[in-house]
Amino acid sequence: MSLKIFEIDGTLRGCEGQIWDRVNGYRWWKNELAEKEGGFEKFAEGYKIFGFNKTEGGYIYREWLPNAKQVFLIGEFNGWQNSTPLENEGFGRWKVFLPDKADGSPYIPHASQLKVRLESNDGAWHDRVPAWTKLAWQDHSTNLFNGVFWEPKEEDRFSFKHARPEKPANLKIYEAHVGMGTVEPKVSTYVEFADNVLPRIKRMGYNCVQLMAVAEHAHYGCFGYHVSLLLPVAAVSRFKLVLAKSTAPPSFVAGMQRRQCVALCFIFMLAGAEAVRTAESANVMHSVVLHSGRRSSQSFEGTMDVAGSEMIPSSDSLMRHLTALNTSAEDVQDGKGFWRVKNCMMTCPLIWTKIIYHSWLARSDAKKIVADSFAAGDDVAMLPSVSQPLGDSFRGTMRKTVWTFLKVIDDSVVQRILLALFFAPLGLFRVLTKMSPLGLCFLKQAWKDLEANEDYEQKHTTWWSFFLAGCPDQPPETAAFEDDASTSDLMGSMVYALAKPDGLEMEDQTIKWGNASTHVQCVRKLSRKGEWSTRRIMIERGTITWTADSICKDVGVVDQVREFFGHEKVFSLEFLTQPPAGDTVELFNGTDCINFQNPYRQFTFCAEPGYTMQKAKEVMDEHLGILGGERQLLQLTAKVERLIVASGVGQGDERAEEEVKELAQGMDDSGDSSVEGLAVQIGNISDSEAPEVQKAKEILKQVQKGSSLLALGDVHGGTALLQEAYAAAHRHEKLSDIMHGKATKLDASVEEPGAASAGAAGGISTTELIIILAICGFGVLCVGIGLAFAANNFLEVDSLESKVRVLSNVTQALPLPHVTSFFAPASRSGTPEELKYLVDTAHGLGIHVLMDLVHAHASSNTLDGIAQMDGTDHCYTHGGPKGHHSEWDSKIFNYLKYEVLRFLLSNVKWWLEEYKFDGFRFDGITSMLYHSHGIGKGYTGGYHEYFGLDADIDSHIYLMLSNDLIHTVVPSAVTVAEDVSGMPTIGLPVEYGGFGFDYRLAMAIPDMFIKLLKEVGDDGWDMGHICYTLTNRRHLEKVVAYAESHDQAIVGDKTIAFWLMDAAMYTDMSIFQNPHHTMAVDRGLALHKMIRLLVQGLGGEGYLNFMGNEFGHPEWVDFPRPENGWSHHHCRRRFDLPEDDLLRYKFFQNFDELMNALENRFQFLSSGHQYVTLKHSEDKLIVFERGDLLFIFNFHPCNSYDGYQLGCCWNEPMRTVLDTDEGRFGGHQRLEYGHANPFPPMHGMHSRNHSVKLYVPSRTAQVLVRDSLVQGGVKIYVDASFLEANCLESPAGMQIALQVCKDGKEETMDFAFNSEGCVELALDFAATFQVLRADGEELPCKASKDGFYRVYFPGDYAVAGLGYIKNGKGSLPAVSPAPGVAAPKAAAEVSGGYATEEPAPAVAGA
């Protein structure tokens, strides 16, 4: 038995064995499911078994948790208590019957939140969102999701009204994100999208909408998949290095060159690693549970770190220590020491020893949990954001311990004396080391809390007041993420590093700065200490350099030393920031001084007497203008530089170290730190054999290796190593501290963020501890030490809640990319019923609705996703490394598992049946097709790249099963594969042996146009290469072509319109201010139209556009995040712009509407006829036939050709039906002749039998069709769906009111529908009309902004659905005209705005 695919492509027989493996696997599953489940369609109804399902007398809830020991359903309905147990049915299934209440309402109230709680076989407890939940809501205090019991009353359930549209043969997709589908800066709703955007999509001529991020996912702004590399990759294309002279030691200069390369190349993968690190935080946010009346704890899953060796610590250990502390505190109060003295200390030393011991270890465990989950140091202040219940328990226990200590001291004069003796050396130590005030200040806040919570009154207020004198009333707050002082220095270091010399220089620097001014001047510089020093400044090539130079006067001895060593400071102007009000470079004190700043530092320069800073400001402003917006990523780069410096500065080179130290000693008094100084601060790697140090060595060696590869030009290999090392360093306590500015040396003791502030609250460092123990010995005074630690634990948590709130929102800062609840629609845009309304409205407008389906991977979040659903890493996903996607930090499904297959296939059928979606765009399936996930591979078409050991046959089988299911359940469904590799047979039917997709995205096309626009001048475009890329697709495997992807709309990248016009998108789009196009706009407008038409005409069998690109949207997409103040300003689509007649955006949109109308009329996308007649790179011409149309493109920026003869296959006169130069599209109207006058056929040309000769202006495209196909006028039919939507039985008495122009005035003429439900109009081209009922009431077009229906080309059209125009005759049976309505005998001719016959009379009484 042979497969059809081998007949289509005989070369596939070389891979026949592996192809048969997948086909036989698919057939085996079909047979297995038919035998065991009654067919794979029934098997795919798992949502009728799992989750909540209505049964007689109540609901059954069922979950698959194969590793569970016991399971509870918890939620608002039972106070989140373990009072609703599930019973084990075997085979991993757990269920509970929930009887209805006496009044018939559900046991669980509708729209209440819940979770499933389980104890796994290892004894750990886990709270999980039900895997089959129909809705999930986010708790904004924790950013975690809870499942929602969504069972509205029957009258509140949405009922679909409109049938699915027929499967479009000419697929034109409008890709959209519901959340940003609004003009207003907010999250758009499903209802708003349905009412406002869907009609617009239909008006623009698209027959399909593709909705991104429909399934619930962890970040509300993202597209539902991994986007972490989009920003930095684009940003690096705009990032520039500016160079200056260097006099650093040779050994160090070599290292600097390497680090410069690393700093540049590292940036573009930095946000990816940051997103991975941020995503990890959600994996460990668990809660303490109470079970069977005893205290228990839920363990933190053992999530592997980047290095693959360490596990996130369990909260069990922490809870044991907290329990022991609670017990010990009670023992102290009850006097369970010697002689039963209550509130004891001296008489119960063993109890206090236990308190010290458990307090110390509890703090250690808490720090480890925070550090390993947030990878950001050891600040226990973040514990409540890791787990609010655990944080509360930690805080409560520490509070109780501190209060016990206070009561004990307050009760005994002896113990107060001992306390004073204890703190005397501590106070002395802090005074000598300038760490002030005294360490007892923590007690002041503790007293306040004790009095407020337990109504406890101090017995010895005078003693306490004296002892706590000078302590602040409130504990100081620390910075949210980093210490400001160290950050400032390190920001300076980064600017210095990026401007440091002899490294890299961009190729365009000479051109860029060729005509730029330079400026040199002696100035007075103000240091941070408020001291003035003389410097010589130089402004050139985007930098400002200041140097201690004897040319300028008053150079002291220190400055002479600096001059001798060649010390200078270089700042790149691209890193300057603009103050809230004013210029980036500001003049003050007349014109004598200037100010400018980077994000962390302000600089002041003043002119010498008799001079001004006016010229310096002018030159700096000029350079800033050249640099444009290239001033970002500085903060992320600082972390990179710290790690790089730690990895390679002066190791094993004593001479280099000494030279660096000498140079560092001559640092500028301003406090700016150079990389050399930073290197000295960090120092060498310790020789310790401790595992932590050894691991640090391994990470830093990988940094060195990766940076070396980058220096040698291996960007891919170097980047891969560095990204992995960067993530690993974040998980390493010491390296993370260095990267975040919390430590300055690898072997230094870890300081808390804001160490000075923490000291004010009573924190005790390890150094202090050693000194105290040496002075006091290990006697009873150790009690005070332990209590100081305990108190500080408590106070840190309480006093830094503002910090906690900031950190708890980290998960929103970057787009967490993956689906968490597969059966739940994204709740941020509305309810399930509102999503159904959206889909139904689309069907009423004749629009197919595709959903972005993410089955390639799942979110790695454990608390609100299905990763580790049963407490193991191999429930729904593969276990170990195979189950982890290294680049996306997501989990990979195990497609071989029976219940996993049920889950995924049921998910497919759920969206088809419950929400009536019409198909899917399968996201990221390149990752599914290969074990390597396509990482590090290139695909050039050789079959060895697609088949072999890397092919993931299990995934192949699943894709065949899912496509088969989709097309079986909904025969009109459309499936699109997002595959960058071009896997053979991906677009062939399952019965042929293919994967079953209807289309594959042609992802090479937008990449080609980006490359052309970025790197090639207009006159250098290769027409042959363009045509090859557009036509390079496999036989019979259809593709969806698109000119630009949604990736380009993300902040940091550019759309085609932006590449073409850049700043002119903002400054030159007003017709009122600029009646004539500027050169930039004229070029951009012309090429934008041509590129889109070329892609639609030649690129594939389908077409796709991302929302807003049809009118050249001037704003990028920037999701709300901390850096933009959580703003929605750029997370929206400005649909208002093309509706403004005074803005040129309307020209882009007008053309897009007409281009799609042309395709809808002639449907060339579905035509099998495609022939490229001419691709002339010198003349810059592309000519091709597609369907019934002839497309002619002239991309030449200057040359127009008159009388250019072009071959074609038609021996008929040819008429122009569309051209990009029309006035309504903002063109110059150079091709008007061809619209009114057909071109006669001529002799053969270009290997075609016939030809036409015509005028081909520069930067224009024109489309011709046989003149015979635009004869016969316009026919308007009424479709049965339109009558049904308007509750009409027939079109009897209905009319159209046609807009005509008579004597220069607009009028309407009424025409009645004939017995066939048709009106015939003898129009050459466009018609604009209204549809009227028999009583004269208007039945408006829902797809237009004014209610009018419009057709643009002669042909047959039908008014259908909710009120839209579709091509072809309607499905209406013949009816008799209404009484009193005379059907016209022939078409009513309307020529030049005049009716040559009287129209049919209107219905009486209309």
Shortest non-hydrogen contact from R93 to I49?
NH1-CG2, 3.9 Å
At their closest point, which heavy atom of P130 faces which heavy atom of Y61, and how far apart are they?
CB-OH, 3.6 Å
For N121 and P66, work out which heavy atoms get closest and say how close.
ND2-O, 4.5 Å
Can you find a heavy atom in the side chain of S927 that is under 4.5 Å from one in the side chain of H885?
yes
With sequence neighbours excluded, what pairs up with K54 under the salt bridge (charged side-chain N to carboxylate O under 4.0 Å, His left out) test?
D100
With the side chain counted from C-beta on, respond yes when W64 and C875 share a heavy-atom pair under 4.5 Å apart, and no when they do not.
yes
Using modelled atom types and a 3.5 Å cut-off, is there a donor and acceptor pairing between side-chain atoms of D918 and backbone atoms of V849?
yes
Does any non-hydrogen side-chain atom of I108 lie less than 4.5 Å from one of L98?
yes
Interatomic distance, T55 atom OG1 to I60 atom CD1 [nearest 0.5 angstrom]:
5.0 Å
Check: S827 main-chain N/O paired with E216 side-chain donor or acceptor under 3.5 Å
yes
Would you check if the side chain of E63 reaches a backbone N or O of A131 as a donor-acceptor pair within less than 3.5 Å?
yes
E119 side chain to K69 main-chain N or O, any donor-acceptor pair under 3.5 Å?
no
Straight-line distance of Q138 CD to N146 CG, nearest 0.5 Å
10.0 Å
Can a donor-acceptor pair be found, under 3.5 Å and without considering hydrogens, that links the side chain of Q81 to the backbone of G79?
yes
Under 4.5 Å between any side-chain heavy atoms of L904 and Y876, yes or no?
no
Kindly give the heavy-atom pair with the smallest separation between H217 and F145, and that separation in Å.
O-CZ, 3.6 Å
Can you measure from OG (S906) to CZ (F43) and round to the nearest 0.5 angstrom?
6.5 Å
Tell me whether K909 is salt-bridged to E914, with the criterion being a basic N under 4.0 Å from an acidic carboxylate O.
no
Looking at CG of L114 and CZ of F149, how far apart are the two atoms once the value is rounded to the nearest 0.5 Å?
8.5 Å
Give a yes or no on whether a salt bridge exists between E45 and K42, defined as a side-chain N under 4.0 angstrom from a carboxylate O.
no
Sub-6.0 Å ring centroid separation between F823 and F50:
no
Over 60° means perpendicular and under 30° means parallel, so tell me whether H855 and F922 are parallel, tilted or perpendicular.
perpendicular
Take D952 and M928 through the test side-chain contact (heavy atoms from CB on, under 4.5 Å) and record every step on the way to the result.
CA-CA 7 Å; D952 190 339; M928 299 176 67; over 6 Å; no
If you define the side chain from C-beta out and look only at heavy atoms, does anything of D954 sit under 4.5 Å from Y958?
no
Using a 4.5 Å cut-off on heavy atoms from C-beta on, say whether the side chain of R128 contacts that of L118.
yes
When you compare the side chains of N963 and T975, does any donor N or O come within less than 3.5 Å of an acceptor on the partner?
yes
Short side-chain to backbone donor-acceptor contact, K897 and H874, under 3.5 Å
yes
F997 vs L959 side-chain heavy atoms within contact, under 4.5 Å:
yes
Salt bridge flag under 4.0 Å for residues R62 and E87
no
Does atom CD (E155) have a neighbourhood of more than 12 heavy atoms from anything else shown, all under 6.0 Å?
yes
How long is the straight-line distance from CG of D127 back to CZ of R117, given to the nearest 0.5 Å?
4.0 Å
Working to the nearest 0.5 angstrom, can you tell me the gap between T862 OG1 and M869 CE?
11.0 Å
Under the 3.5 angstrom rule, does the side chain of E978 hit a backbone N or O of G924 as a donor-acceptor pair?
yes
Pairwise side-chain contact, Y190 with P825, heavy-atom cut-off 4.5 Å (strictly under):
yes
Spell out, as yes or no, whether a donor-acceptor pair under 3.5 Å connects the side chain of H956 to the backbone of L929.
yes
Among W132, W910, Y47, find the residue that satisfies the ring-ring contact (aromatic ring centres under 6.0 Å, His included) test when tested with F903.
W132
Looking just at side-chain N and O atoms, do Y26 and D964 make a donor-acceptor pair shorter than 3.5 Å?
yes
Go through the steps to decide whether W888 and H933 satisfy the test side-chain contact (heavy atoms from CB on, under 4.5 Å), and finish with yes or no.
CA-CA 10 Å; W888 294 347; H933 310 303; over 6 Å; no
Between T84 and N78, a side-chain donor and acceptor under 3.5 Å:
yes
State, to 0.1 Å, how close H126 and S120 come at their nearest heavy-atom pair, and which atoms those are.
NE2-OG, 3.3 Å
Stepwise side-chain hydrogen bond (donor to acceptor under 3.5 Å, both in side chains) check, Y898 with E37:
CA-CA 11 Å; Y898 200 84; E37 301 280 348; 2.9 Å; yes
W29 vs L905, test: side-chain contact (heavy atoms from CB on, under 4.5 Å). Steps then yes/no.
CA-CA 12 Å; W29 272 110; L905 291 177; over 6 Å; no
Does the side-chain contact (heavy atoms from CB on, under 4.5 Å) test come out yes or no for V214 and D852, once each step is laid out?
CA-CA 7 Å; V214 174; D852 183 52; 5.9 Å; no
For a quick test of reading the model, state the closest non-hydrogen atom pair linking S859 to A867 and the distance between them.
O-CB, 3.5 Å
